[in-house]
K.L.:
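The following block contains the structure, expressed as structure tokens.
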Amino acid sequence: MNPDNPKMGFFETIANIDRRVIFLFIGFAVIIPVLLSFSCTEEATPIVQAVYDEIESLPEGSKVLISFDYGPSTVPEVQPMIDALLRHSCEKNLKMYMMALWGTGHNLISESMQDIIEKEFPHKIYGVDYVNLGYKAGNQGLINVILTDMKKMYTTDARGSEIDAVPMMVDIRNLKSFDLILSMGGGFPGIKEWVLFGGDPGNIPVAGGATAVSAPLLYPYYPRQLLGLLGGIKGAAEYESALIKGYPKFKTHSHPAIDMMGPQTVAHIVIVFFIVIGNITFFIGRKREEGEKREGGVIK
Amino acid sequence: MIRFKIRLALILISASVLLLFGYISSPGQELEAPPEPLPAPPTNVVISDDPNDDGHTTIVSWQLSRDDGAGLNNVMAYEIFRSTSPEGEFLQVGVMGKGLDSYIDRGEKEKTRNGEPNPRYIGAGIDYYYKMRAKSTTGTYSEFSELVVGQAKNNWYHTGKTNIMIAVLIFSGLVIYFITAAKRGKELYVRPIAGIDAVDESIGRATEMGRPILFVLGTGTAADLATIAGYTILARVAKMTADYQTKVLVPVNEPVMLAVAQETVKSAYMEAGRPDMYDEQNIFYVTAMQFPFVAAVCGLMIREQTATNFYMGIFHAESLILAETGAITGAIQISGTDQLAQLPFFIAATDYTLIGEELYAASGYLSKEALLLGPVKAQDYAKVILLTLLGLAVITWSFGWGFFKSLISTIS
Amino acid sequence: MRRQIPLYIVLVCGIVFVIQFFIPSHESEFIFEYGQDWVMVIGILALPLGIWSYLRKTWLTAVKKPKERFFAGVSLFGFAIMMLTGLKRESLMAGSLYMELFEYVLIPIQATIFSLLAFYIASAAYRAFRARSVIATMLLGTAFIVMLRLIPLGPISDVNQALVGWILSVPNMAAKRGLLIGIGLGAIATCIKIILGIERTYLGRD
Amino acid sequence: MRKDLVWLFAGILFFGLLYLLNWGVKAISTDLLVWIGAFLTLAILSFLYQDNAFYKFAEHLFVGVSAAYWMCMGFWNTLVPNLIAKLHPPIVKGVLPAIAEKPPEYWYIIPAALGIMFLMRLSPKAPWISRWALAFIVGTTTGLNLVRYLRSDFLGQIKSTLIPVIVVENGSLSVGGSFSNIVIVVGVLCGLIYFFFSKEHKGLFGVASRVGIYILMITFGASFGYTVMARISLLVGRMRFLLGDWMGLLQ
């Protein structure tokens with residue numbers, strides 16, 4: 001309280017709030033949800049739900065091409081999406097063909113296979129239910145070629161087996177053999193190239209996941225050329241929620257994106273709250289100042 | 001597991017049936033399998049040099065097979081083969097889908113690989129022999145086309161970059177024109193830039209308070225354009241601090257930048273006639289890594305209680321850490337960067353911000369020298385040209401007249 | 001004369017590297033690749049200059065200011081340890097003391113300093129986002145709307161989601177383009193000024 | 001100095017309490033390295049309250065360690081393969097056998113000479129010669145920058161602004177699409193007008209410039225709001241380390 005002017009005290013205190021109070025709030029906004037593993041239920045937005053519904057509607061044994069078009073720096077955002085999509089595809093008994101347009105994607109495929117498919121779905125067989133086609137250079141040029149002939153580029157899988165010795169590759173001729181293309185990452189090359197050089201000319205549905213930064217640039221393709229899109233950690237959390245809703249057994253599995261959303265939401269509420277408070281006190285302060293001016297009082 | 005076994009069995013059975021069938025129907029065994037009509041090969045294959053490369057690429061073009069989209073309509077793709085001699089071993093270098101009539105054969109640049117000749121190598125001035133065939137939808141092949149020969153050349157002009165060359169020449173011409181015009185004494189107006197106008201006042205304030213000034217040149221490299229713009233502002237600031245006898249602290253994160261910053265400040269002090277005031281210890285190297293550098297600069301702000309902080313150059317995530325710590329000490333802060341991602345934070349947390357191009361224009365504005373103002377004027381003229389073209393293109397195109405649109409498209 | 005030679009070097013190097021852009025031949029490729037490599041090599045060769053500055057300043061601090069002696073000592077100690085452990089090529093492999101120090105000293109501090117941004121972004125928002133003027137209101141309003149997208153608000157969220165998408169893909173895109181074109185022009189003009197030797201503050205003077 | 005002692009005491013108290021509270025009760029980490037990481041993390045976070053001895057300690061350690069880290073990295077990752085190995089390949093046989101077989105490239109005498117010229121700054125006799133090296137660096141980088149900017153930032157942006165302001169979809173006028181495109185075109189034009197320097201921003205021109213700065217502010221606001229998420233994630237990561245890896249409070 002300001003002893004000189006008790007009437008203004010409250011608003012002045014709030015208006016001149018110490019930054020440490022804000023820091024404290026932010027700290028608690030993150031610590032408490034992390035400790036309590038608090039999370040909000042994320043309702044899937046239509047753009048995310050569309051991806052979920054598409055996978056849900058694919059009959060057993062459908063072929064899904066998953067392109068890992070990202071690098072280590074965007075793993076925190078993109079990996080939760082991949083994990084959720086792989087779980088969903090495994091659950092639906094879809095055939096997963098994993099490839100990469102980015103050189104960094106190669107290792108990420110192996111890691112995802114180990115962490116999700118081999119660990120959680122041990123009955124899935126490599127070469128029958130899923131395959132790692134590895135990284136091939138060529139960006140959109142690669143898409144161009146495999147649109148007409150897949151095996152021209154992929155003569156072996158990432159493990160070095162002859163491509164025709166991989167059972168699930170026998171009836172693959174080109175991109176049109178797939179029922180859905182998922183491109184994960186959102187950078188270049190990525191979703192845009194898949195849409196323009198693969199999905200559009202081949203009339204194959206394309207969906208994908210992108211980092212929060214690149215997602216807005218892909219919005220213009222939705223919904224005509226792009227079936228659906230997971231944008232950033234929020235998109236991943238929405239997909240995880242949709243998956244848990246459809247298959248409650250996944251509740252016990254890790255869901256890093258949902259976990260991340262709890263502290264995110266609370267921290268955002270805190271910041272928004274402080275902005276509102278700041279503006280209210282600002283306007284009240286200005287009103288009073290104007291009033292004092294009229295009364296000929298001291299201008300603070 | 002069972003399902004897999006069944007599938008595997010099915011695959012094996014079908015494979016053996018196919019094999020058997022293949023054996024039976026192989027040539028020599030006169031069996032009455034209906035002869036499938038083969039597609040016609042592509043014709044008029046021409047090998048030309050890619051005019052815009054360093055001699056490792058050729059362009060193969062051909063006339064479509066008469067069964068491509070017409071006739072038997074059974075062409076699925078074309079296969080292209082290359083060899084270094086007419087009777088040598090031919091390597092399949094590419095496949096193109098039906099309807100396409102050219103292929104860019106990008107060879108590899110290494111002559112040898114693991115000590116052996118690299119078959120994918122293409123070199124300038126060497127004869128390469130090509131032949132092609134069409135592949136049908138059922139997997140059969142046409143005859144080979146006639147053997148043709150061609151070379152790749154090491155080229156000395158990139159024909160695709162003529163537009164950029166013209167743009168460079170026009171713009172350089174504008175710059176030089178306005179510099180000479182200004183030298184002849186033509187008055188050049190420059191609009192006020194708030195951040196620069198505040199420089200003098202903020203230095204005066206630091207002097208009154210008896211506290212030092214902090215100047216951060218960012219975490220880019222010494223030769224980045226934004227950093228170079230930063231040196232110009234540093235020179236101005238240093239000259240004033242020499243006049244006012246105020247200390248200016250310049251922590252840097254790159255040795256080359258250290259050398260330049262020291263030179264800049266030293267020259268400014270000499271120009272102000274106070275070389276005795278110059279202390280090399282005030283312009284110092286901290287470390288090259290981003291966050292240790294930031295930690296040290298934040299510590300410096302708090303401990304030295306700097307009254308005015310300048311951030312001019314390339315900044316990354318540290319922009320907000322620096323600006324908020326500066327706000328805690330109550331310093332006046334002036335920032336400028338061309339990094340789009342960091343501009344919002346500087347705008348929110350510092351008192352004045354030079355946004356993008358304003359930072360580059362600052363050197364001209366500060367000196368008011370004709371030489372440095374000329375380019376600013378040239379920039380504006382380039383903008384006028386762009387605005388007019390863009391406006392015309394968008395409007396006329398919307399009404400169906402594509403002239404300006406195609407004009408801009410070819411330029412860029 | 002001493003002052004002229006560096007300006008000629010800038011002129012020649014600048015023009016050579018502009019011209020090589022228009023020449024696809026392998027001689028030009030050679031210049032392009034080597035030029036970039038050499039700048040990097042010179043940058044590393046210059047490091048002793050920085051290290052000398054750092055050591056001298058820290059040492060002088062320790063000598064002149066007894067209060068700071070402990071901290072200057074900590075800094076020099078850290079430097080010496082890291083130098084000694086990094087002397088061998090094998091130190092760059094995982095598991096060496098050098099990499100362990102990197103992992104358990106540099107990484108935690110680095111990540112924590114980075115995470116300070118979570119606090120600072122909040123305090124900056126509180127301080128700066130006041131509707132003082134139209135410009136400030138634009139800044140505040142958009143930031144506010146974009147932040148709201150993470151807060152569940154029932155039906156408002158859907159509208160907000162769409163609005164955020166539009167803001168990001170339309171006005172956001174337009175302004176970024178305007179900025180980038182401006183920066184492009186300014187950068188090119190600055191390049192020409194440097195190559196022609198009009199902009200020469202960075203060379204200092206004798 | 002007394003304040004620093006208070007901080008030191010507070011710190012010892014804090015860690016001591018934690019130690020007592022956790023010993024044998026919770027699964028607090030027993031890994032010394034994790035404790036070091038936790039100590040340094042807390043030391044940096046204490047800066048949020050105010051500058052203090054712990055922060056200062058972490059800061060100075062950080063600076064020293066990173067300066068040396070960078071030096072060693074630069075030596076082994078750049079200097080050895082890109083200079084020493086080029087001039088005299090056999091010398092790196094022990095460390096980089098793959099490169100040791102290649103023929104020497106004597107071109108690299110040039111950067112070596114320039115590098116040494118640069119270090120001449122330290123010599124009292126001929127510091128001016130370092131400017132030659134500086135001129136090489138600036139000239140080369142500027143030449144490369146010029147064409148880089150010309151190609152990417154600038155011409156590319158102009159081309160992508162070429163969009164129709166009247167959008168027709170399925171044979172009928174799309175109001176939303178047309179509006180968005182008009183906003184983009186007007187936004188780009190006004191943004192450019194804001195960056196006009198040689199003309200006073202008055203009249204119609206002033207209005208356009210105002211619109212330009214408004215649109216810039218919308219962009220900056222949006223980026224600011226968008227980045228909050230990424231920054232909070234960083235803090236969540238650090239808190240997970242403190243609460244989980246160190247204190248063992250998370251599953």
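Chain letters run A, B, ... following the sequence lines, proteins first and then strands; every chain starts at 1.
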K.L.:
Around atom OH of D:Tyr49, are there more than 12 heavy atoms from other residues, nucleotides or ligands closer than 6.0 Å?
P.N.:
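No.
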
K.L.:
Less than 4.5 Å apart, any side-chain heavy atom of C:Phe17 and any of D:Thr142?
P.N.:
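Side-chain contact under 4.5 Å: no.
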
K.L.:
Of the backbone (N, CA, C, O) and the side chain (C-beta and beyond), which part of D:Phe179 lies under 4.5 Å from a heavy atom of chain C, both, or neither?
P.N.:
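For D:Phe179, side-chain heavy atoms alone lie under 4.5 Å from chain C.
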
K.L.:
With a 6.0 Å cut-off (strictly less than), is the heavy-atom count around CH2 of D:Trp76, excluding the residue itself, greater than 12?
P.N.:
yes

K.L.:
With a 4.5 angstrom heavy-atom cut-off, is it the side chain or the backbone of C:Ile51 that approaches chain D, or both, or neither?
P.N.:
side chain

K.L.:
Please check if the number of heavy atoms outside D:Arg240 that lie under 6.0 Å from its CZ is greater than 12.
P.N.:
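More than 12 heavy atoms, drawn from other residues, nucleotides or ligands, come within 6.0 Å of this atom.
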
K.L.:
Taking C:Gln110, C:Met173, C:Glu103 one by one, which has the highest count of heavy-atom pairs under 4.5 Å against chain D?
P.N.:
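Looking at each option in turn, the highest pair count goes to C:Gln110.
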
K.L.:
When you measure from the side chain of C:Ser115 to the backbone N and O of D:Leu235, does any donor-acceptor pair fall under 3.5 Å?
P.N.:
no

K.L.:
Give a yes/no verdict on a cation-pi contact between C:Arg149 and D:Tyr226, requiring under 6.0 Å between NZ or CZ and the six-membered ring centre and an angle within 45° of the axis.
P.N.:
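The answer is yes, since C:Arg149 meets both limits relative to D:Tyr226.
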
K.L.:
So, does C:Tyr98 use its side chain to make a donor-acceptor pair with the main chain of D:Tyr69 at under 3.5 Å?
P.N.:
yes

K.L.:
Are the side chains of D:Tyr108 and C:Asp37 in contact, using a 4.5 Å heavy-atom criterion?
P.N.:
yes

K.L.:
Would you say the side-chain atoms of D:Arg131 pair up with the backbone N or O of C:Leu203, donor to acceptor, closer than 3.5 Å?
P.N.:
yes

K.L.:
Under the side chain to side chain contact (heavy atoms under 4.5 Å, CB included) test against D:Val228, which residue among C:Leu150, C:Val146, C:Leu117, C:Ile121 passes?
P.N.:
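The residue from C:Leu150, C:Val146, C:Leu117, C:Ile121 that satisfies side chain to side chain contact (heavy atoms under 4.5 Å, CB included) with D:Val228 turns out to be C:Ile121.
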
K.L.:
What are the two closest heavy atoms between D:Leu119 and C:Pro48, and how far apart are they?
P.N.:
CD2-CB, 4.2 Å

K.L.:
So for atom CH2, which belongs to C:Trp166, do other residues, nucleotides or ligands contribute more than 12 heavy atoms lying within a distance under 6.0 Å?
P.N.:
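Count over threshold, so yes.
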
K.L.:
Considering non-hydrogen atoms only, spot the tightest contact between D:Gly187 and C:Ala174 and give its length.
P.N.:
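Looking at all heavy atoms of both residues, the shortest contact is CA-CB, 3.9 Å.
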
K.L.:
Is it true that, when you exclude C:Ile135 itself, more than 12 heavy atoms of the residues, nucleotides or ligands shown sit nearer than 6.0 Å to its CD1?
P.N.:
yes

K.L.:
Between C:Phe71 and D:Phe57, is the gap from one ring center to the other below 6.0 Å?
P.N.:
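Centroid separation for C:Phe71 and D:Phe57: 6.0 Å or greater.
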
K.L.:
Checking D:Ala53 against chain C: side chain, backbone, both or neither under 4.5 Å from a heavy atom?
P.N.:
both

